[in-house]
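Here is the structure we will look at.
First the proteins, then the strands, lettered A, B, ... as listed; each starts at 1.
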Amino acid sequence: MDFRLTDEQVARRKEIYKVCEELDKKKPKSWLGFESPFDNEEGWAFHRYCAKEFAKRGWLALSWPKEYGGTGTMMDKVLLAEARGYYDLPGSDIFGISMLAPTLIAAGSEELKKEFLPKIANAEIMFCELWSEPNAGSDLAALTASAIKKGDEFIVNGQKTWNTGAHYADWAFGVYKSDPNAKKHHNLTFILCDMKSKGITVKGIPYMNGAHVYNEVYLDDVHMPAKYVVGQENEGWAVVNVLAGFERSNIDMVMGLVRGVEDLVKFCNENKRDGKPLAHDPMIRNKIADLAASVEAVRTLAYRVADQQNRNEMGLMDAAAVKIFASELLEKFGQISTDILGPYGQVKQSKFAKLNGTAEYNYQACFVPIVSMGTNEIQRNIIAWYGLGLPRMK
Amino acid sequence: MDFRLTDEQVARRKEIYKVCEELDKKKPKSWLGFESPFDNEEGWAFHRYCAKEFAKRGWLALSWPKEYGGTGTMMDKVLLAEARGYYDLPGSDIFGISMLAPTLIAAGSEELKKEFLPKIANAEIMFCELWSEPNAGSDLAALTASAIKKGDEFIVNGQKTWNTGAHYADWAFGVYKSDPNAKKHHNLTFILCDMKSKGITVKGIPYMNGAHVYNEVYLDDVHMPAKYVVGQENEGWAVVNVLAGFERSNIDMVMGLVRGVEDLVKFCNENKRDGKPLAHDPMIRNKIADLAASVEAVRTLAYRVADQQNRNEMGLMDAAAVKIFASELLEKFGQISTDILGPYGQVKQSKFAKLNGTAEYNYQACFVPIVSMGTNEIQRNIIAWYGLGLPRMK
Amino acid sequence: MDLRFTEQQEILKKSARDFLTKECPKAKVRELEKDPKGYDPALWQKMAELGWLGFNIPEDYEGMGYSFEDLNMHIEEVGKNILPGPYISTVVNTFAIVAEGTEEQKKEFLPKISNGQLILTLAWLEENGQFDASGITLKAAHKGNDFVLNGTKMFVDSAHVSNYMIVIARTKDGAGEDGITAFLVDSKSAGLKTEVIPTIAADHLCEVVFKDVAVSAKNVLGKVDKGWAILQMLVRKGSILKSAESLGGLQAVVDMTIAYSKERVQYDRPIGAFQALQHKMSDMWISMGTSKYLLYEAAWMESEGMPSAKEASMTKAYINEAYKLVSALGVKLHGGIGTSSDHDVPLYYRRAKAADTVYGSTDFHREMVAQQIGLK
Amino acid sequence: MDLRFTEQQEILKKSARDFLTKECPKAKVRELEKDPKGYDPALWQKMAELGWLGFNIPEDYEGMGYSFEDLNMHIEEVGKNILPGPYISTVVNTFAIVAEGTEEQKKEFLPKISNGQLILTLAWLEENGQFDASGITLKAAHKGNDFVLNGTKMFVDSAHVSNYMIVIARTKDGAGEDGITAFLVDSKSAGLKTEVIPTIAADHLCEVVFKDVAVSAKNVLGKVDKGWAILQMLVRKGSILKSAESLGGLQAVVDMTIAYSKERVQYDRPIGAFQALQHKMSDMWISMGTSKYLLYEAAWMESEGMPSAKEASMTKAYINEAYKLVSALGVKLHGGIGTSSDHDVPLYYRRAKAADTVYGSTDFHREMVAQQIGLK
């Protein structure tokens, strides 16, 4: 077993961290975390700015095949995610970079690859996802939004929900019921769509803290050219499964926790209660040490996933474990850090806040990773069924 | 709302506590807790001794109808359980007193009541239960031990398991499949049986700590007179349901926790680490205070159950809540108290032990209440289905 | 022993429920979160007319003279619905005047409070965020018989709309319990400045800066230097009543989660049929059951004038944690919809965190319990 | 980066598994719990023949000279099976001689250990149960160049069958880290008395009473008064290797629980089909996954000679808790059968508790972590 990076990787990491450290200094004042790119213009502009900076260096096409502009290795990609996580930076479009690009590479037509991969790599267009529906959350097979073929177009109608970022995104990928008579799993089509198309209405769903991240997206006779179908018509389910296979190592979320613990240590060293640094409180020491150990545990497991992916193994179960553990650790981190702040734990980003209000922020924002991308409950089912081979009750 | 006892109850409580305090002084040295009556002769003898002492005072027939020798009220019964719990005393046969007697009163023939209730009230005979089978644990409907009627007897064959105390008990109540052709829930018969009957073989199942509590009981052509059937032939399922309705308030288990916390406080005051009383350790203070609050929470809920039972309401869901919460609190108590003892947490009752080895004892014995009398998982199902009205998946 | 609500309590609960359902729907709750005042004066007047603000004020001072236990049951219902504004704070602080006020103070303040004309808040915590006596550093200097206050108080509930505040200040050098005095300070006093702090529950807690604020000797509550005991009483009663509010919220979350799980269909069945969710809801329900009687016992003891410091602290510590846990489970069991501010469950989730440190955090109260159960 | 086992490690793991499956079935484990010696000398010899006792001894002293990481993987397999006796203890203690022993000591002890002729234990803890330097009070008085030991050591693994013990004693007044010396003491020395303590894992920990036990100056390990650093090294390496054993046990519990849940039928289906149980098993599995790479990283760093105190303490603190939690879940998911000593799962449950304080408890290691991550 070898946890060591190669000399090249060490150099690459240094370079990446340097760029990220510089970008960190340019963060808008309102920045709080992973909701910030979507919550306001300032956040979105910073997201695009970081993306352009990364694109300039070829870092948005890391690990892609050379013929589509690919640069670097899978491990380089992990290193970028690591640095972004540590500095809490956006700039990597989760939908375009992490989900759609590998799906196109694996299942897209040559035309689609040629049209979209360069735009993604250059941060020209940002994607969003038209996926869940009001009655199809965890249970995607229940979706009803329809795409009816008419000539060389699909006419799409329906309502998508829990969309992230449609109010800013340029393009969307989505999945629709294209053949109401076909059997389950053979009646869906996966289509790309310009968000400026006629008939698309985006309506925000405010997050519990008021942030604008999620949307309802209403599709009313939206014309989507058939050339934007990924994979085969009516075989979108297969594409969905390909896409689901590109789970991320979640190293960025984990590194956010690493940084969070560092900041908390610093805060406890520098702030006093009753004349003594908070760091002298044995209960605080115990809790932060426990957090630090848990963070290190999931950090090493995230590397295990990265290492598998680097060898073109999927590591899907380990990735699910990282997703569950890290998101619930974020919840615990929110609890512990707000507790340590005492009455200041409830204070939002403002001149009154400690730790720039991030404790209060995480106390609410933690549900985003817990509930999205397959809720943790669904992830636990998946581990039980596919990882542990436990029987599925009918 | 009124938490106060009446003057009479206060006087009765005083009397009961006095008797229990005296009995406490006569405990054998090997005594450890609720497994002790079954684990060795000394424990069983003390169980019978306490039972006789209680019987002498009429305390084993508390709340029974007068015509069967009943004395006192339901609340008196709660007060005895409370005192027994606090002093960690046996003497109330859970099978005879808590389960069979109320079942006989509700569903037994006049003959059975006259024959058995006085013997139970006088602590002449102790009962055990022939219930679970190797393939019928939580799922009682799956049982296969058979009772075939032949004249005025049933010939019983089969294997019962997870029996508590058959190696000492005088009589048993059990449930058997009496009509292999009848429909589910109309094919069981509930029969009493003398444990000295021919054809009964008892084989111990050692508990994880080596204690002898549980048994396999093999029934090989055991003749059980038909007059010992409780309820109707083939309608034992109805009797089982009556019996299941007599959930206890579990106040005795809760009071064991009350006492446990008191002992732990005393220990931490009297024992030093690094020159300071353990009680000065902020983490120990926090954990014990948390335990104490949880114990008080479940103590008050147990009184809520007692109060309902005192008014002939069942309070089954609250009783299930007390059972789940108290047993898992005992597990937590075992964890925290062994942790506080440091390396001494692993030491068994001996001259080397702290707290007479009870921390180590509870660390293992806690699974008895968690897994028995309907595992906590089953209890959670029951609360969900019958208490919260959630749908049962087929 | 009789652990049922009395008929009177059932009526009180029902009338609170009916009133708030009508007068304070969730749309109003959301509106008031954004409202600069944070409460609705018209609603406040209606509450006063119903006697809500005089529940714990003796009849001699135009109050209702209800028992503490009745008040507790009432506030549980209030918590179930959510009622933004300084209601609980005013009611709890009133106890200080009822118990420790001079006849003159009682006559001046109590009828006004009861009639809805006086909002009374408590200026206790400071920038150090401590709950113990050494946290009190705001200085009240003697000036003849009167006093001059200088310093800053934090997390003062609705100070900006309050009429008076009980200010806990230091009248003697040192950091101990002795030398602390409680003052009744006019919120419009010269030199007093309030600013609303943005908080998770948008509950209009304020920073209050005192710059040479003059307070007359007649506005000392109780005895000079002996104010810590008054605060302790407020903390004890406030811990119980704040827990009642939290328990109400906890129950609302349990109810709405169970109801949602019966309606929401996924994979062709209500999600409430999934065992993993059932067990979580059972646990939420158990958490509610254990919280309830712990609270009722503390409220009963306080009502009966029995020493209840231990039970009050146990209750606050226990229900603090139960409410946070249950409301987080509520969010998670609702899935996506539970994370939207359009849904009611996060209203409770955010309030659970806010309730957490009101009248003392979990760890503070555990330390109180540790002392009460005899840990050296 | 390559987080796979090497081929060498896979072979080591398989051979350990095959050997123990054959030579140390659970029947033997149960037998040895009751055996007065607590280990099987014949089995010990076979282990020695396979080189197990010399894994971490340089080839110059008749050992195998394997890396720490290889040893770690091997011990994980040992933990999976359970191997009663002072194996891990002897191997860990050997590091003290390898690293700090004089050439003479190395020549005297290492070949014997490697050949299975010398069981080496560690006499560290005392009746105060403390893990820090102030817990060391056993007095080693200077007598010319030699020493005389008086005092009592507790929880000394298999002292009664050991040949030598490393005794951590105080050679200078005070309670600090300076003035502590490590001695190699013959377990048969005059004045030394051992008695087995009954423990949850029946693992033959002993009380050792020293009454005027004479120890020659040549048996000082390292420098006089500077023994605390040696103990710290043993604690660091021991924490990692003990965690490896625990992780093995944790995996065994996960495996047997999943297997049982697929076999055991209730309500006409395997209990593994019930979602509440599935989610618990998923959590057990996640606990295993997070434990694994934390341990492997610590072992790798230790193997590479990198500073690993932080990672070692994180590993011990984390796996202590994971093993206790997972084995308790294992018992509960098995239901009744899981509570019987006839079943294997309680063998692990009991050992999880025993492992807990070996080389330092969770709270001790969290404090080490707190220091390492820079908390003042």
Side-chain angles (χ1 to χ4, degrees), chain A residues 1-6 9 75 78 261-262 264-266 268-270 277-280 282 284-290 292-304 306-308 310-311 317-318 320-322 324-325 377 379-385 387-394, chain D residues 1-6 9 69 73 254 258 261-262 269-270 272-275 277-283 285-301 303-304 310-311 313-319 321-322 362-363 365-376:
Chain A
M1 212 166 273
D2 186 5
F3 284 77
R4 195 179 277 111
L5 297 177
T6 63
Q9 287 166 343
M75 193 48 76
V78 169
V261 171
E262 285 179 18
L264 200 53
V265 167
K266 193 159 171 278
C268 290
N269 283 341
E270 290 171 359
L278 288 168
H280 286 194
I284 290 180
R285 296 175 79 77
N286 191 280
K287 281 182 191 166
I288 297 181
D290 181 23
S294 298
V295 171
E296 184 64 8
V298 71
R299 195 185 72 84
T300 53
L301 186 58
Y303 272 104
R304 156 75 175 163
D307 182 53
Q308 284 171 294
N310 203 29
R311 259 192 305 283
M317 295 304 125
D318 284 327
V322 171
I324 294 171
F325 193 89
E377 298 298 297
Q379 301 282 345
R380 284 187 168 89
N381 286 345
I382 288 173
I383 289 177
W385 298 337
L388 313 183
L390 293 171
R392 196 165 168 169
M393 208 185 278
K394 294 297 165 228
Chain D
M1 184 172 292
D2 186 348
L3 305 191
R4 294 173 299 182
F5 296 122
T6 62
Q9 286 165 346
E69 200 188 337
M73 306 298 174
V254 173
I258 292 169
S261 83
K262 291 178 185 172
R269 69 202 80 181
F274 289 98
Q275 198 194 24
L277 276 59
Q278 290 184 342
H279 283 205
K280 285 199 177 135
M281 285 185 268
S282 295
D283 284 338
W285 186 84
I286 292 169
S287 200
M288 180 173 89
T290 46
S291 295
K292 268 186 186 173
Y293 291 88
L294 183 61
L295 169 71
Y296 297 157
E297 182 190 44
W300 171 76
M301 290 174 80
S303 213
E304 297 284 313
K310 180 173 81 179
E311 288 73 13
S313 282
M314 283 178 164
T315 299
K316 186 66 173 33
Y318 190 82
I319 293 182
E321 298 307 304
T362 300
D363 286 338
H365 281 290
R366 287 198 186 140
E367 174 52 32
M368 296 296 106
V369 171
Q371 292 172 21
Q372 295 281 343
I373 60 177
L375 279 164
K376 269 192 203 161

Do Glu377(A) and His279(D) have side chains that approach each other closer than 4.5 Å (heavy atoms only, starting at C-beta)? yes

To the nearest 0.5 Å, how far apart are CE in Met1(D) and CZ in Arg311(A)? 10.5 Å

Chain A contact via Gln9(D) - which portion, at a heavy-atom distance below 4.5 Å: side chain

Would you mind checking if Glu304(D) and Arg4(A) are paired as a salt bridge, meaning a charged N to carboxylate O distance below 4.0 Å? yes

So, the part of Leu278(A) with a heavy atom under 4.5 Å from chain D: the answer is neither

Please state whether the side chain, the backbone, both or neither of Asn310(A) comes within less than 4.5 Å of a heavy atom of chain D. neither

What part of Met368(D) gets closer than 4.5 Å to chain A, counting heavy atoms only: side chain, backbone, both or neither? neither

Of the backbone (N, CA, C, O) and the side chain (C-beta and beyond), which part of Glu69(D) lies under 4.5 Å from a heavy atom of chain A, both, or neither? side chain

Considering only heavy atoms, which portion of Phe5(D) lies under 4.5 Å from any heavy atom of chain A: side chain, backbone, both, or neither? both

Sequence-distant partners of Ile382(A), side-chain contact (heavy atoms from CB on, under 4.5 Å), two or more places apart: Met317(A), Ile378(A), Tyr386(A)

When rounded to the nearest 0.5 Å, the distance separating CG of Leu390(A) from NZ of Lys262(D) is 5.5 Å

Would you mind telling me which of Ala370(D), Ala273(D), Pro270(D) has the largest number of heavy-atom pairs within less than 4.5 Å of chain A? Ala273(D)

Do Met1(A) and Glu297(D) come close enough that some side-chain heavy atom pair is under 4.5 Å? no

Measure distances from Asp290(A) to the heavy atoms of chain D and classify the residue's part below 4.5 Å as side chain, backbone, both or neither. both

